[in-house]
Amino acid sequence: MTDATEKTATHFIHEIVEEDLRTGKYDGRVVTRFPPEPNGYLHIGHAKAICLDFGTALKYGGTCHLRFDDTNPEAEEEEYVNAIIEDVKWLGFDWGEHLYYASDYFEKMYDYAVELIKKGKAYVCTLSPEEFKEYRGIPTRLGKESPSRNRPVEENLDLFTRMKSGEFKEGEYVVRAKIDMSSPNLHMRDPAIYRIKHARHPHVGDTWHIYPMYDFAHCLEDSIEHVTHSLCTLEFEVHRPLYDWILDELDIYHPQQIEFARLNLTYTVMSKRRLLELVKDGHVNGWDDPRMPTLCGLRRRGYTADAIRHFCDTIGITKYESLTDVALLEHCLRDHLNKVAMRRMAVLNPVRMILENIPEGEVKTCTAVNNPEDEGAGTRELKFGREIYIERDDFMEEPPSKFFRLAPDRSVRLRNAGFVTCTGLEKDPDTGAVTVIRGTWTAPEEKVKVKGTIHWVSSEHAIDAEVRIYDRLFTVENPMDVEEGADWKDTLNPESLKVVTAKVEPTLADAAAGTPLQFERIGYFCADPDSTAVKPIFNRTVTLRDSWAKIAGKPGK
RNA sequence: UGCCCGAUGGUGUAAUGGUAGCACAAAUGGUUUUGGUCCAUUCAGUCAAGGUUCGAAUCCUUGUCGGGCAACCA
């Protein structure tokens, strides 16, 4: 554990934790929890919370619980539980024995509600949902008390018991905390704490006909687990008085809730509702579409857990609602990928090149370094012959001044394999497109003076691969910030996915899904889970930084 | 016309009454068998007005702007 007297905090939450450690507020314990509702997939915004929750426990020698906040059976599914477990593991965190379900506490919660009723601090209300809303008032107008508010305790108890046994229809009764209908905080105007739902619960089955509301359940979950610091996002700030009220009235163990700002990323939407809409409307191919900001989507795209954790460390924790540039995430990604990705050669937009001084049938070999950033990654042998493919963009018949690649009568280095000099070209007479580039090959020993290096694959040895070129999903920085009446989906990028058939070096035939690769001079890629040896499929994770694209004024992305 | 929270370069974030720093982005140059990486340099900031103080990003007041709160969702 970190020495409690040594200040190592980098943000206000850790300052609070360190202060609590100093004063012995929780006997030196640090217990946090990550409490997802299993009603959707985790996204990069959750990663920020996960890194904070688990990271805080790790830093201060405490524990972090993974707890499913499954208090609403209508929305929740087993499928999501499994996906969430997989994603948190993948991110690199370990909850040990501490996997919990809020639904396992339903009996205790019920007892606590009974206790509140007995204390005259809760009552069964007969108001319909519409009346409930009407009585609550609005921020600028006081609420008024429910006619049920002074129902005798015995009657409340009887009704609550019968609610539990399933005697009533949904919406017929609700249990409310008795607080203050004139509070300026709407959440304190006798909030509902239990409602009737005749729904089968994915974790506890048909045992219950009543389910606790978030505000009642969450503080109890934290209390039961002896959580010390209950970290959540800013929108729960106005709920904190209620969190405290319930624990105070029950006079039980009292964790402290601390709020921080959620993550917003440029060119991204983050809400579950909107992500669901993208999936349902077919704008993407499922929750794990590589364009999605979901953890499973990012994973399929080729993001590494390491990069995401580093990103979460870099953005910091504050109460200011910021919009983080997705370029920072991409920076963290490239930073990690550069260190670990195996270099390979792939030609995404091939054009044939004939090396006229290499006889037909002759096969040459060369040695290529797998990763210049990691000597341990070794080398590999590559074969080539008279005909190779090069990138169409690497040749220009009439090159501008700063173009360092191949052009008529010019020489360039062939990555790992000597040099070529362009001696001629053939064009399609109808379209004018270059069909064949002719040239001569020079061995690497010759040390030709050139300004550029291009990548290539051998026509005879290369294999075909499907390459999915992903780009950002939206065309504007903040898709949520649209004109009144406009649809945020109008800002979707119609070119967020382009599929091409590429020529790739044969070593790529058996690439394992997800393993980071760099297609040299192009970008980082990884094999898709759908990839097979017969039909390899690669996803573009992110481009390399491309200063030529800037010079040439191309979109580059 | 309610209550709560917030405001530091283009972006994100430090400085907790004592030299406004870091990262990303952008720009320039160097190295280079990836126009990648790496290295160097540059650009650029305390929302406003008062007050307290020898001294204010920091404390106080007022204002401005932004966000949140009116599910029997979480």
Side-chain angles (χ1 to χ4, degrees), chain A residues 10-12 15 35-37 39-40 69-72 74-76 125 127-129 132-133 136-143 170-176 183-189 191-197 210-211 213-215 217-218 232-241 259 261 266 272-273 314-332 334-335 338-339 343 345 368-369 372-373 402-405 412-419 444 447 450-455 477 518-524 543-552:
Chain A
T10 55
H11 54 73
F12 75 101
E15 282 178 4
E37 183 188 14
N39 70 343
D69 205 1
D70 53 351
T71 57
N72 182 4
E74 281 171 353
E76 297 151 10
C125 183
L127 253 29
S128 70
F132 187 106
K133 191 177 175 183
R136 181 175 42 221
I138 55 174
T140 52
R141 197 184 71 225
L142 299 186
E170 290 189 11
E172 212 171 339
Y173 292 101
V174 65
V175 181
R176 303 175 69 174
S183 171
N185 183 342
L186 282 296
H187 299 280
M188 299 298 271
R189 317 241 265 229
I193 60 172
Y194 260 99
R195 78 286 216 191
I196 298 169
K197 273 188 194 294
I210 52 171
Y211 292 93
M213 299 288 295
Y214 166 86
D215 284 308
H218 205 91
C232 62
T233 45
L234 248 28
E235 68 269 27
F236 292 102
E237 208 157 18
V238 285
H239 295 244
R240 178 152 37 91
E259 310 85 12
T266 55
K272 275 185 194 174
R273 205 200 88 214
T314 305
I315 55 177
I317 302 290
T318 65
K319 298 189 74 162
Y320 175 70
E321 295 169 53
S322 56
L323 178 60
T324 300
D325 193 339
V326 74
L328 182 59
L329 177 61
E330 291 175 346
H331 163 76
C332 294
R334 289 190 183 104
D335 193 44
N338 177 50
K339 294 185 186 102
R343 270 58 170 178
M345 289 201 284
V369 170
E373 305 293 319
K402 285 182 177 164
F403 187 83
F404 300 150
R405 285 114 89 147
V412 291
R413 184 185 299 278
L414 274 190
R415 179 70 168 157
N416 301 312
F419 307 87
K447 308 269 186 242
V450 292
K451 295 185 89 171
T453 300
I454 65 171
H455 59 277
E477 279 203 345
Q518 186 196 102
F519 291 174
E520 289 200 74
R521 301 208 309 130
I522 301 174
Y524 294 98
T543 61
L544 248 30
R545 284 187 67 210
D546 187 353
S547 47
W548 166 243
K550 286 173 190 166
I551 296 167

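Values in this document were obtained by computation on a predicted structure and should not be read as measured data. Proteins get letters first, then strands, A, B, ... in listed order; numbering begins at 1 in each.
Put simply, the side chain of A/Thr453 never gets that close to the backbone of A/Arg413: no donor and acceptor are under 3.5 Å apart. Listed for the A/Arg195 side chain is no donor-acceptor partner under 3.5 Å among the backbone atoms of A/Glu170. Listed for the A/Ser322 side chain is no donor-acceptor partner under 3.5 Å among the backbone atoms of A/Thr324. With A/Asn185 contributing its side chain and A/Val238 its backbone, the two residues share a donor-acceptor pair below 3.5 Å.
Checking the phosphate oxygens (OP1, OP2) of B/C3, no side-chain nitrogen or oxygen of A/Ser183 falls inside 4.0 Å. Look at A/Ser322 and you'll find a side-chain N or O under 4.0 angstrom from OP1 or OP2 of B/U13. Checking the phosphate oxygens (OP1, OP2) of B/A27, a side-chain nitrogen or oxygen of A/Lys550 falls inside 4.0 Å. An OP1 or OP2 oxygen of B/U34 is reached within less than 4.0 angstrom by no side-chain nitrogen or oxygen of A/His455. Within the structure, a side-chain polar atom (N or O) of A/Arg136 is placed less than 4.0 Å from OP1 or OP2 of B/A71. Within the 4.0 Å cut-off from OP1 or OP2 of B/C24, not a single side-chain nitrogen or oxygen of A/Thr314 is found. Under 4.0 angstrom from either OP1 or OP2 of B/C73 there lies at least one side-chain N or O belonging to A/Arg195. In this structure, A/Arg521 reaches the B/G35 phosphate: one of its side-chain N or O atoms is under 4.0 Å from OP1 or OP2. Not one side-chain nitrogen or oxygen of A/Thr324 sits closer than 4.0 Å to the OP1 or OP2 atom of B/U11.
If you take NE2 of A/His187 and P of B/G2, they are 18 Å apart, rounded to a whole angstrom. Between A/Asn185 atom CG and B/C4 atom P there is a gap of 10 Å when expressed in whole angstrom units. Rounded to an integer number of Å, the gap from CG of A/Asn72 to P of B/A74 is 5 Å. Here the P atom of nucleotide B/U58 and the OH atom of A/Tyr320 are 17 Å apart, to the nearest Å. Straight-line distance from the CZ atom of A/Arg240 to the C1' atom of B/G68: 13 Å, rounded to whole Å. Atom CD of A/Glu237 and atom P of B/G6 are 7 Å apart (whole Å). In this structure, the CD atom of A/Gln518 is 13 Å from the C1' atom of B/G35, given to the nearest Å. With rounding to whole Å, A/His331 atom NE2 is found 10 Å from B/U37 atom P.
Between the side chain of A/Arg545 and the base of B/G35, no donor-acceptor pair under 3.5 Å is found. Between the base of B/G36 and the side chain of A/Glu373 there is a donor-acceptor pair shorter than 3.5 Å. No N or O donor and acceptor, one from the side chain of A/Arg334 and one from the base of B/U37, sit under 3.5 Å apart.
B/C47 and B/G9 are spaced 14 Å apart, taking the C1' atom of each and rounding to whole Å. A gap of 40 Å separates the P atoms of B/A20 and B/C69, to the nearest Å. Taking atom C1' in both B/U46 and B/G6, the straight-line distance is 15 Å, to the nearest Å. The same atom, P, is picked in B/U53 and in B/U41; the two are 43 Å apart, to the nearest Å. Separating the P atom of B/U16 from that of B/A7 is a span of 16 Å, rounded to the nearest Å. Comparing the P positions of B/A26 and B/U32 gives a spacing of 24 Å, expressed to the nearest Å. Between B/U11 and B/C72, the distance separating the two P atoms is 38 Å to the nearest Å. The same atom, C1', is picked in B/A70 and in B/G2; the two are 11 Å apart, to the nearest Å.
Remark: B/G45 base-pairs with no nucleotide in the shown strands. Criterion, Watson-Crick or G-U wobble with two distances under 3.5 Å. With a 3.5 Å ceiling on both atom-pair distances, the Watson-Crick or G-U wobble partner of B/C59 is B/G51. With both pairing distances under 3.5 Å, B/G36 is matched to nothing as a Watson-Crick or G-U wobble pair. As the counterpart of B/G2, B/C69 is assigned, both hydrogen-bonding distances of the Watson-Crick or G-U wobble pattern falling under 3.5 Å. B/A23 is paired with B/U11 under the Watson-Crick or G-U wobble criterion, all donor-acceptor distances under 3.5 Å. Across all strands shown, B/G17 forms no Watson-Crick or G-U wobble pair with both key distances under 3.5 Å.
Candidate nucleotides B/C38, B/A25, B/C72 were compared by shortest atom distance to the side chain of A/Val174, and B/C72 ranks first. Picking from B/G12, B/A71, B/G35 the nucleotide with the shortest atom distance to the side chain of A/Met213 gives B/A71. Checked against B/A70, B/A23, B/A74, the side chain of A/Glu37 finds its nearest nucleotide in B/A74. Counting only heavy atoms from C-beta on, A/His239 has its side chain closest to B/A74 among B/U34, B/G6, B/A74. Set against B/C24, B/G36, B/U1, the side chain of A/Leu328 has B/C24 as its closest nucleotide.
Using the six-membered ring where Trp is involved, A/Trp548 and A/Phe403 have ring planes that are perpendicular, over 60° apart on the 30 and 60° scheme. In this pair, A/Phe236 and A/Tyr214 present their aromatic rings tilted. The plane angle is within the 30 to 60° band.
If you check every strand for non-hydrogen atoms under 4.0 Å, A/Leu323 touches sugar and phosphate atoms only. Counting non-hydrogen atoms under 4.0 angstrom, A/Phe236 reaches a base of the nucleic acid. Using a 4.0 Å heavy-atom distance criterion, A/Phe403 is classed as a base contact. Contact annotation for A/Thr266: no contact, since no heavy-atom pair falls under 4.0 Å across all strands. At a threshold of 4.0 angstrom between heavy atoms, the contacts of A/Lys133 are confined to the sugar-phosphate backbone, with no base atom among them. Among the protein residues, A/Leu127 comes within range of the nucleic acid bases, having at least one heavy atom under 4.0 Å from a base atom. The residue A/Asn39 sits apart from the nucleic acid: no heavy atom pair falls under 4.0 Å.
Applying the side-chain hydrogen bond (donor to acceptor under 3.5 Å, both in side chains) test between A/Glu520 and each of A/Arg415, A/Arg343, A/His455 identifies A/Arg415 as the sole match.
Closest heavy-atom contact between A/Lys197 and A/Glu74: NZ-OE1, 2.8 Å.
Each of A/Asp325 and A/Arg415 was matched to the nucleotide of RNA chain B holding its nearest heavy atom; the match closer to the 5' end belongs to A/Asp325. Residue whose closest nucleotide on RNA chain B sits further toward the 5' end, between A/Leu186 and A/Lys197: A/Leu186.
Using a 90° window around 0 for the glycosidic torsion, B/A49 falls outside it and is classed as anti.
The aromatic ring of A/Trp548 sits over the base of B/G35, with ring centres less than 5.5 Å apart and planes inclined by under 30°. Here A/Phe404 counts as stacked on B/G35: its ring centre is under 5.5 angstrom from the base ring centre and the planes meet at under 30°.
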Walk me through it: do A/Leu127 and A/Arg176 pass the test side chain to side chain contact (heavy atoms under 4.5 Å, CB included)? CA-CA 11 Å; A/Leu127 253 29; A/Arg176 303 175 69 174; 3.8 Å; yes
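For the atom pair CD1 (A/Ile522) and OG1 (A/Thr543), the distance works out to 11.0 Å, reported to the nearest 0.5 Å.
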